[in-house]
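Order of listing sets the numbers, starting from 1, for every ligand and every atom in it. The figures here come from the full heavy-atom set of this structure, side chains too, leaving out hydrogens, waters and symmetry mates. Given the structure is predicted, the values throughout are model-derived calculations rather than measurements.
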Amino acid sequence: MPLEQLPLVALQARKAFQTGRSKPIDFRVQQLKNLQRFITEKQKDITDALKKDLHKSENGTLLYELLGLEGEINMAIANLSVWMAPRPVAKNLLTISDEVYIQPEPLGVVLIIGAWNYPITVTLQPLVGAIAAGNAVVVKPSEVSCHTAKVLELLPLYLDPEMYPVVTGGVPETQELLKQRFDHIFYTGNSMVGKLVMEAAARHLTPVTLELGGKNPCYIDKDCDLEIACRRITWGKYINCGQTCISPDYILCEPSIQDKVVEEIRKSIKEFYTDDPKTFIDYGRIINQRHFKRIIALFEGSTVAIGGENDESQCYIAPTVLRDVTPESKVMQEEIFGPVLPIVPIKGVNEAIQFINEREKPLALYVFSSSNKVIKQMISETSSGALLANDCLIHYTISDLPFGGVGNSGMGCYHGKSTFDQLSHLRSCLIKRLGMEQLNGMRYPPHTAEKLRL
Ligand code: NAD
């Protein structure tokens, strides 16, 4: 779409919103059902596209992209009447006989900017909540996962095309959209661009949700079943070839358990991806050569304990573990977002906590320990978008847990009702009757002592 048409797209969405047709519950439910129909009917196109973009297997796509999304659609349809309903609140003495409640109302036109790593989920999951909340939405899929973007272009064939236009294209298109006025911007991607989005939003005083990334620490306590811990960490790290915003970025553990950690991860890599991940159906690829080169450059100066093999022609990097990594090494300076797992030796939980607190607040923090005391200490002495003990990633699947970052890993949250609330204005309403005026006497001047004694 030519750049000069983009202001019109935003305007058309606003006009569609102003008709008021997105407000009734029936319309919202119908659009959500249409979205479900898009997923069902285009499932083959979606799985083919993700195979091309990221070498995701068909079953992998079902499990990690579609199942959760369908769950969110069903949840929104089932709960919408309750979410939309007025929410009564406690009253005080002055308002005891009034009607006092919160009325969720649509914000208006929402811009959703998606990322490429789970390009269906991170684009359509916010859309579920945006539709449920009664908004118009301009959807901007990531251009980096270009095959999936092509499939997402078909969305207006299923949804109200004026209310929910899709804009494909790259950075110039996103930048042009960001010049337009929206009522909310929901961005998923890296923190650097997140700042640009917020800057652009500030020009219109538009609120933002920023779903960002960063380095997610994973502390392994020596008092822990290392076989199980490493199996779960291996899963969380190498799924989608490490290109998961909540994948464990690096391990912190005591030097005495490092050898065992390496060996257990080696066993799990073999169990999940065979001796030859390169030819294995369920092992992904790096999205493009730019990211491939970036990740390979991160190896510099570190000792490879497992993997390290790579093939630029296929954007393949083997599941890799780096050992005895120092905090100053290159791989510890940025989010890895690839299948490389550094182990940074530290002296124990107190040093791990200090290490974590000296850095940006992560999106997810993982702690593996059989000691509840250690887990609770990690919770009370650190901060992160989410904390998981003894597992990775699965908090993402619980719709009732608000998903989002804190500090550098983002602001705002979503999933389930949280998306609905995030993309609604929670309007305070108070309805007083015109009678019973004597009850109001004490607040009118003059403020005499007699009135206060009442
Ligand atoms: P990306 O390159 O696809 O960019 C995302 C969007 O931003 C695209 O639509 C793109 O057009 C736009 N964009 C890129 N550069 C821009 C610029 N200069 N100006 C305006 N718009 C621009 O995605 P990415 O940033 O590489 O995604 C990976 C990052 O996203 C990682 O940091 C990851 O942790 C994070 N992420 C976070 C979540 C989450 O839920 N918190 C989920 C997925 C990914």
Side-chain angles (χ1 to χ4, degrees), residues 1 3 6 53-54 64-65 68-69 72 111-126 129 138-149 152-153 166-180 185-201 203 208-216 236-237 239-249 286-288 290-292 294-295 334-338 360-365 384-386 393 395-397 401-415 418-419 422:
M1 190 180 295
L3 284 184
L6 297 182
D53 282 332
L54 286 146
Y64 294 106
E65 292 263 11
L69 178 60
E72 288 263 318
L111 171 63
I112 295 177
I113 306 174
W116 52 264
N117 58 333
Y118 291 87
I120 293 290
T121 307
V122 302
T123 314
L124 297 190
Q125 211 148 296
V138 176
V139 181
K140 165 64 184 67
S142 171
E143 69 280 11
V144 181
S145 42
C146 55
H147 297 97
T148 313
L152 288 171
E153 254 178 2
V166 175
V167 173
T168 50
V171 172
E173 281 76 6
T174 317
Q175 286 173 343
E176 187 58 39
L177 282 174
L178 286 171
K179 287 184 198 153
Q180 313 309 312
I185 301 178
F186 193 109
Y187 165 81
T188 303
N190 66 72
S191 304
M192 199 194 69
V193 174
K195 289 176 188 166
L196 299 177
V197 169
M198 198 167 168
E199 224 175 283
R203 268 178 246 135
V208 290
T209 304
L210 302 178
E211 294 288 337
L212 311 177
K215 287 180 92 60
N216 304 313
K237 178 69 191 187
I239 212 75
N240 202 27
C241 214
Q243 300 162 114
T244 304
C245 56
I246 46 176
S247 78
D249 188 271
I286 302 305
I287 184 73
N288 58 28
R290 180 171 72 81
H291 279 284
F292 173 89
R294 178 188 62 76
I295 296 164
E334 63 177 80
E335 179 182 8
I336 299 169
F337 222 53
E360 298 288 1
K361 290 180 182 176
L363 184 60
L365 199 167
S384 61
L393 315 188
H395 61 299
Y396 189 90
T397 64
L401 279 180
F403 182 86
V406 55
N408 211 57
S409 56
M411 62 183 70
C413 59
Y414 75 130
H415 286 192
S418 298
T419 324
Q422 182 84 162

In Val193, Val197, Thr188, Ile185, the residue satisfying side-chain contact (heavy atoms from CB on, under 4.5 Å) with Leu210 is Val197
For residues 111-119, which side-chain N or O atoms pair as donor and acceptor with protein atoms under 3.5 Å away, sequence neighbours left out?
residue: Asn117; atom: ND2; partner: Gln243; partner atom: O; Å: 3.2
residue: Tyr118; atom: OH; partner: Thr244; partner atom: OG1; Å: 2.6

Counting only non-hydrogen atoms and a 4.0 Å cut-off, the residues near ligand 1 are Ile113, Gly114, Ala115, Trp116, Asn117, Val122, Lys140, Pro141, Ser142, Glu143, Val144, Gly170, Val171, Thr174, Gln175, Tyr187, Thr188, Gly189, Asn190, Val193, Leu196, Glu211, Leu212, Gly213, Cys245, Glu335, Phe337, Leu363, Phe403
For the atom pair CG (Asn216) and CD1 (Ile336), what is the distance rounded to the nearest 0.5 Å?
-> 10.0 Å
Under the 3.5 angstrom rule, does the side chain of Asn190 hit a backbone N or O of Leu212 as a donor-acceptor pair?
-> no
With sequence neighbours excluded, tell me which residues meet salt bridge (Lys or Arg N to Asp or Glu O under 4.0 Å) with Lys215.
-> Asp249
Taking only residues two or more places apart in sequence, or in another chain, which ones meet Glu72 in a salt bridge (Lys or Arg N to Asp or Glu O under 4.0 Å)?
-> none
